[in-house]
Amino acid sequence: MNTTLLRTAFLFFAVSVVSFSLQAQSNSADAHLSGRVTDASGYTIAGVRITAQLENAVAPTASTSTASDGTFTLILPAGRYRIRFERDSFAPRDFVLDLAAAENGKLDVRLQIERLSSSVVVTAQAEPTPLQETPATVTEVTRDEITERQTVLLPDLLATQPGVAITRTGTVGGLTTVFLDGGNSSFVKVLVDGTPINLPGGDVDFSNLTLDNVDKIEIVHGAESALYGTDAMSGVIQIFTRRGTTRIPEASLFTEGGTFSSARGGAQIDGALGGFDYSGSGSYFHTDGQGVNDADLIRSYTGNIGYSFSDSDQIRFSMRSNSSFSGTPGQTLLFPADPSAFYDLQQLSANLSWSFRTSAHWSHRVSVTESRYFSDSGFPPFGSALNQTNRAGGWAQSTFSFQQGGLTAGYQYEVENATSSGFGFVHGRRNNQGGFLDGRWSPISRLTLSAGARAEDNTNFGTRVVPRAGAVFGVRYAKGFWGDTRARISYGQGIEEPTVLESFDTDPCSLGNPNLRPQRSRTVNVGLDQYIADDRVRVSATYFADRFRDLITFVVVPQAGCPFGNTQILNAALSRARGLNFGAAMRLLRWLSLNGNYSFDDTRVLQSSTASSGFQVPGDHLLRRPVNSGNVWLSANYRGFNFNMNAYFTGVRTDSDFDGLGLTRNPGYTRFDIASSCNISRGVSVYARATNLFDKQYQEAIGFPALGRDVRVGVNYRFAGRK
């Protein structure tokens with residue numbers, strides 16, 4: 001009896017304790033915050049990391065991740081919290097919330113694609129797309145790489161990327177052009193925040209383009225005229241300016257000096273306040289150079305301002321100005337230096353864009369662009385050659401997004417004006433317009449298909465239609481030593497309009513041809529990406545086959561009154577390029593990484609109007625494009641100390657002195673660069689770099705010696721911004 005009473009009493013006590021505990025939990029003072037995270041089209045996003053941090057606390061109070069349906073739940077003590085949502089490829093979002101005791105709060109969040117993320121590609125599609133869903137071959141250069149390598153000028157950084165060759169007629173300040181996958185220097189379209197800066201029908205002089213305030217660079221391999229119209233024959237290079245993100249501004253000041261009486265200094269500031277973000281920079285660089293009349297002066301100014309009326313309505317303005325004045329001593333390895341020739345170059349680009357959404361599935365973008373170019377090449381006492389151009393246009397597109405992809409329709413209108421005066425005066429004007437369609441579809445999770453086409457109407461050559469298509473397939477999804485495997489293929493056609501001189505020249509001995517057809521290209525890229533050792537190693541290989549036809553060439557025929565003959569301009573040349581671009585990125589240790597690339601570029605002349613003179617005979621390699629080139633980059637970051645070593649090599653190149661000496665072979669070379677920096681106190685760091693460390697004597701163009709060993713030392717003060 002007593003035993004039964006004791007058991008009953010114990011059971012009653014246990015039930016009471018459990019009931020009290022459950023009641024206490026149900027009456028807990030903790031708040032519950034839940035919600036769902038979606039993308040810009042309204043589809044849920046899994047794996048979003050969510051952290052909640054009490055105001056004025058050092059570490060997060062709680063964290064979680066969204067489930068497969070995009071939902072999340074946080075249980076938090078009452079208080080004022082900063083809630084942060086972040087995931088690769090998306091721009092992070094922050095909220096400040098006051099949570100009361102026992103409150104059941106709800107927060108639904110929509111994340112936007114982060115255009116400046118290293119895992120997002122902007123240039124290869126009409127809309128920003130995750131890298132793994134992009135069929136095109138894309139090389140990205142991030143801000144971290146720019147900072148660690150301490151590169152000042154854009155061409156020095158591009159030269160170390162796969163498939164890219166650089167030619168500079170001089171040391172610093174000489175005409176600098178870029179070749180991509182075997183195409184001519186004018187076959188690469190260059191954009192700055194969406195604004196084209198190529199000369200009409202021509203190339204870009206990279207000599208004064210600095211990396212101030214640059215956040216990312218994208219190099220898209222293959223013809224992209226289906227999206228960008230004329231000039232995108234072998235690829236597109238786009239430069240993205242930094243955007244401010246911190247409520248308390250981030251600022252930096254730097255100054256440096258070194259060999260050749262070089263001096264450089266500048267400042268940068270960026271931040272965000274409410275819906276307003278801003279970023280700006282200015283810099284100055286001067287060097288005396290290494291010989292007679294070899295000085296160079298570069299000034300650079302940038303700005304990027306944006307305002308968000310809401311999550312789905314933003315406006316942005318960006319601009320970039322680069323100006324330089326340099327001496328041009330000429331081919332000093334072949335002739336005496338010219339003591340008085342000079343090159344004055346000014347380049348300006350601006351972009352005003354408005355992005356907005358009208359529903360969960362419809363997004364729109366409207367932009368106005370303008371680029372200006374001015375150059376004055378002086379050859380006392382013979383006078384000078386002035387060139388001035390501007391490209392102004394508008395771009396509008398609408399995108400319908402759905403769960404498996406999206407479809408974009410767009411229209412572009414552009415006005416080109418160019419004036420050239422030297423041995424004569426030429427003025428040309430063109431009004432160009434184009435409409436395009438671009439689509440992306442993932443019928444299954446492993447496969448993404450892409451296709452598009454553009455109808456381009458040009459004042460000179462009329463209307464042309466250029467298509468493109470591609471596919472990327474996830475062959476394998478896995479973790480561990482042997483990770484993901486991705487295969488991709490892309491096909492595109494490109495066109496390029498004639499230059500102003502080729503179309504409008506009024507010189508009777510070199511009359512422009514208004515009936516020229518556009519130069520055309522057909523490119524194919526097939527690639528494979530492999531991830532190894534838990535994604536610490538990435539290996540990629542791409543085979544490319546490019547064909548260039550209707551190339552504009554010059555044929556000289558005897559004519560009375562023309563001492564050098566009559567130059568006729570025709571579509572009469574044909575060439576091709578085939579090769580392999582190989583790249584590898586390895587994270588050896590948490591603080592040590594090793595990257596490398598190798599390019600094999602077998603270019604050939606197939607048809608040439610100059611064959612009878614022995615110049616560029618069919619079967620020859622194209623000028624200034626090495627068959628073999630490569631780069632190795634070692635980077636170490638340990639406790640505020642950074643060390644970088646870069647080794648670049650290029651093989652023998654076909655070239656010409658263009659002065660009748662008959663020189664056609666430019667030897668290969670290997671160059672080593674090092675850079676290092678160290679944080680010595682809060683916000684203060686010292687840095688040093690040496691380019692051409694072993695003082696290698698080489699030339700990127702026959703007769704023009706490259707810069708010798710260049711050592712610079714500097715100090716930087718950085719005030720780190722805060723959210």
Side-chain angles (χ1 to χ4, degrees), residues 137 159 161-167 177-188 202-203 219 221-225 231-235 466 489-496 516-527 541-555 569-582 597-630 649-658 662-669 699-702:
T137 300
Q161 305 307 310
V164 179
I166 299 293
T167 295
T177 52
V178 168
F179 304 91
L180 180 61
D181 290 344
N184 292 347
S185 58
S186 60
F187 290 178
V188 182
D203 50 22
I219 305 170
H221 300 250
E224 291 291 340
S225 288
D231 305 329
M233 290 265 286
S234 63
V466 283
I489 182 171
S490 62
Y491 167 85
Q493 293 183 13
I495 54 174
E496 183 184 24
L516 287 171
R517 300 185 301 276
Q519 300 183 98
R520 295 185 290 166
S521 69
R522 184 187 64 209
T523 67
V524 176
N525 286 264
V526 181
T542 303
Y543 169 78
F544 63 88
D546 303 342
R547 191 175 182 87
F548 309 106
R549 50 184 173 166
D550 286 341
L551 301 182
I552 296 174
T553 187
F554 302 88
V555 178
I569 307 172
L570 306 169
N571 295 98
L574 179 69
S575 66
R576 60 94 169 153
R578 297 172 186 165
L580 176 72
N581 291 324
F582 174 84
N597 61 69
Y598 165 75
S599 294
F600 173 75
D601 187 0
D602 182 21
T603 61
R604 297 289 175 177
V605 176
L606 300 182
Q607 180 178 321
S608 171
S609 63
T610 58
S612 60
S613 65
F615 177 73
Q616 288 288 270
V617 175
D620 285 354
H621 292 296
L622 296 176
L623 291 178
R624 295 175 174 173
R625 275 147 275 196
V627 176
N628 298 283
S629 62
F649 79 89
T650 181
V652 176
R653 288 165 292 171
T654 298
D655 202 347
S656 174
D657 59 88
F658 294 103
L663 302 177
T664 59
R665 184 180 183 274
N666 192 347
Y669 64 90
Q699 49 191 345
E700 293 176 344
I702 286 181

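Quick note: numbers below take in every heavy atom, side chains included, and nothing from hydrogens, waters or symmetry partners.
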Original post:
Heavy-atom distance under 4.5 Å between the side chains of Phe658 and Phe615, does that happen here?
Top reply: yes
Original post:
Who passes ring-ring contact (aromatic ring centres under 6.0 Å, His included) against Phe179, sequence neighbours left out?
Top reply: none
Subject >> Worked check of side-chain contact (heavy atoms from CB on, under 4.5 Å) between Val652 and Arg665 >> reply: CA-CA 7 Å; Val652 176; Arg665 184 180 183 274; 3.4 Å; yes
Original post:
Any idea which heavy atoms bring Pro626 and Gly651 closest together, and the distance?
Top reply: CB-O, 4.0 Å
Original post:
With a 6.0 Å cut-off on ring centres, are Tyr669 and Phe649 close enough?
Top reply: no
Original post:
Looking at Arg576, Arg578, Arg625, which hits salt bridge (charged side-chain N to carboxylate O under 4.0 Å, His left out) with Asp602?
Top reply: Arg576
**OP:** Side-chain contact test, heavy atoms from C-beta onward, threshold under 4.5 Å: evaluate it for Val605 versus Val617 and give yes or no.
**Re:** no
**OP:** Mind checking the OG1-CD spacing from Thr650 to Glu700? Nearest 0.5 Å is all I need.
**Re:** 9.0 Å
Subject >> Value rounded to 0.5 Å, distance of CG in Asp620 from OG1 in Thr654 >> reply: 6.5 Å
Original post:
Nearest 0.5 Å, what's the CG-CG distance between Asn666 and Leu623?
Top reply: 11.0 Å
Subject >> Side-chain (Asp657) to main-chain (Gly662) donor-acceptor, under 3.5 angstrom >> reply: yes
Original post:
Shortest non-hydrogen contact from Thr167 to Ala701?
Top reply: CG2-CB, 3.9 Å
Subject >> Minimum heavy-atom distance Ser225-Ala232, with the two atoms named >> reply: OG-O, 3.4 Å
Original post:
Quick one: does Arg522's side chain get under 4.5 Å of Asp546's, heavy atoms only?
Top reply: no
Original post:
Are Asp655 and Arg624 close enough for a salt bridge, meaning some N to O gap below 4.0 Å?
Top reply: yes
Original post:
Does a donor on one side chain and an acceptor on the other come within less than 3.5 Å for Asn628 and Tyr598?
Top reply: yes
Original post:
With side chains defined as the heavy atoms from C-beta onward, is the minimum distance between Met233 and Val188 less than 4.5 Å?
Top reply: no
Original post:
Does a donor on one side chain and an acceptor on the other come within less than 3.5 Å for Asp181 and His221?
Top reply: yes
Original post:
Does some side-chain heavy atom of Asn581 sit less than 4.5 Å from a side-chain heavy atom of Asn597?
Top reply: no
Original post:
Of all residues at least two apart in sequence or in a different chain, which pass the salt bridge (charged side-chain N to carboxylate O under 4.0 Å, His left out) check with Asp601?
Top reply: none
Original post:
Just checking, any donor-acceptor pair under 3.5 angstrom between side chains of Ser521 and Thr523?
Top reply: no
Original post:
Between Arg520 and Val466, is a side-chain contact (heavy atoms from CB on, under 4.5 Å) present by the stated rule, with each step listed?
Top reply: CA-CA 10 Å; Arg520 295 185 290 166; Val466 283; over 6 Å; no
Original post:
Can you tell me how far the CG atom of Leu551 sits from the CG atom of Asn571, to the nearest 0.5 Å?
Top reply: 8.5 Å
Original post:
Of all residues at least two apart in sequence or in a different chain, which pass the side-chain hydrogen bond (donor to acceptor under 3.5 Å, both in side chains) check with Ser185?
Top reply: Asp203
Original post:
Considering all heavy atoms of both residues, which atom of Gly202 and which atom of Ser186 are nearest to each other, and what is their separation?
Top reply: C-CB, 3.7 Å
Subject >> Donor-acceptor contact below 3.5 Å, side chain Arg604 vs main chain Gly619 >> reply: yes
**OP:** Evaluate side-chain contact (heavy atoms from CB on, under 4.5 Å) for Ile552 paired with Ile569, printing each intermediate quantity in order.
**Re:** CA-CA 7 Å; Ile552 296 174; Ile569 307 172; 3.6 Å; yes
Subject >> Considering all heavy atoms, the nearest Gly182-Phe548 contact >> reply: O-CE1, 4.0 Å
**OP:** Work out which heavy atom in Gly163 is nearest to a heavy atom in Ser599; give both atom names and the distance.
**Re:** N-OG, 2.7 Å
**OP:** Examine distances only and state if a side-chain atom of Gln607 and a backbone atom of Ser575 form a donor-acceptor pair shorter than 3.5 Å.
**Re:** no
Subject >> Atom pair CZ (Arg517) and CD (Glu496), whose distance is rounded to the nearest 0.5 Å >> reply: 14.5 Å
Subject >> Pairwise distance NE2(His621) to OG1(Thr603) - rounded to 0.5 angstrom >> reply: 6.0 Å
Original post:
Just checking, any donor-acceptor pair under 3.5 angstrom between side chains of Ser609 and Thr553?
Top reply: yes
**OP:** Decide yes or no on side-chain contact (heavy atoms from CB on, under 4.5 Å) for Leu580 and Thr542, but give the supporting numbers first.
**Re:** CA-CA 6 Å; Leu580 176 72; Thr542 303; 5.7 Å; no
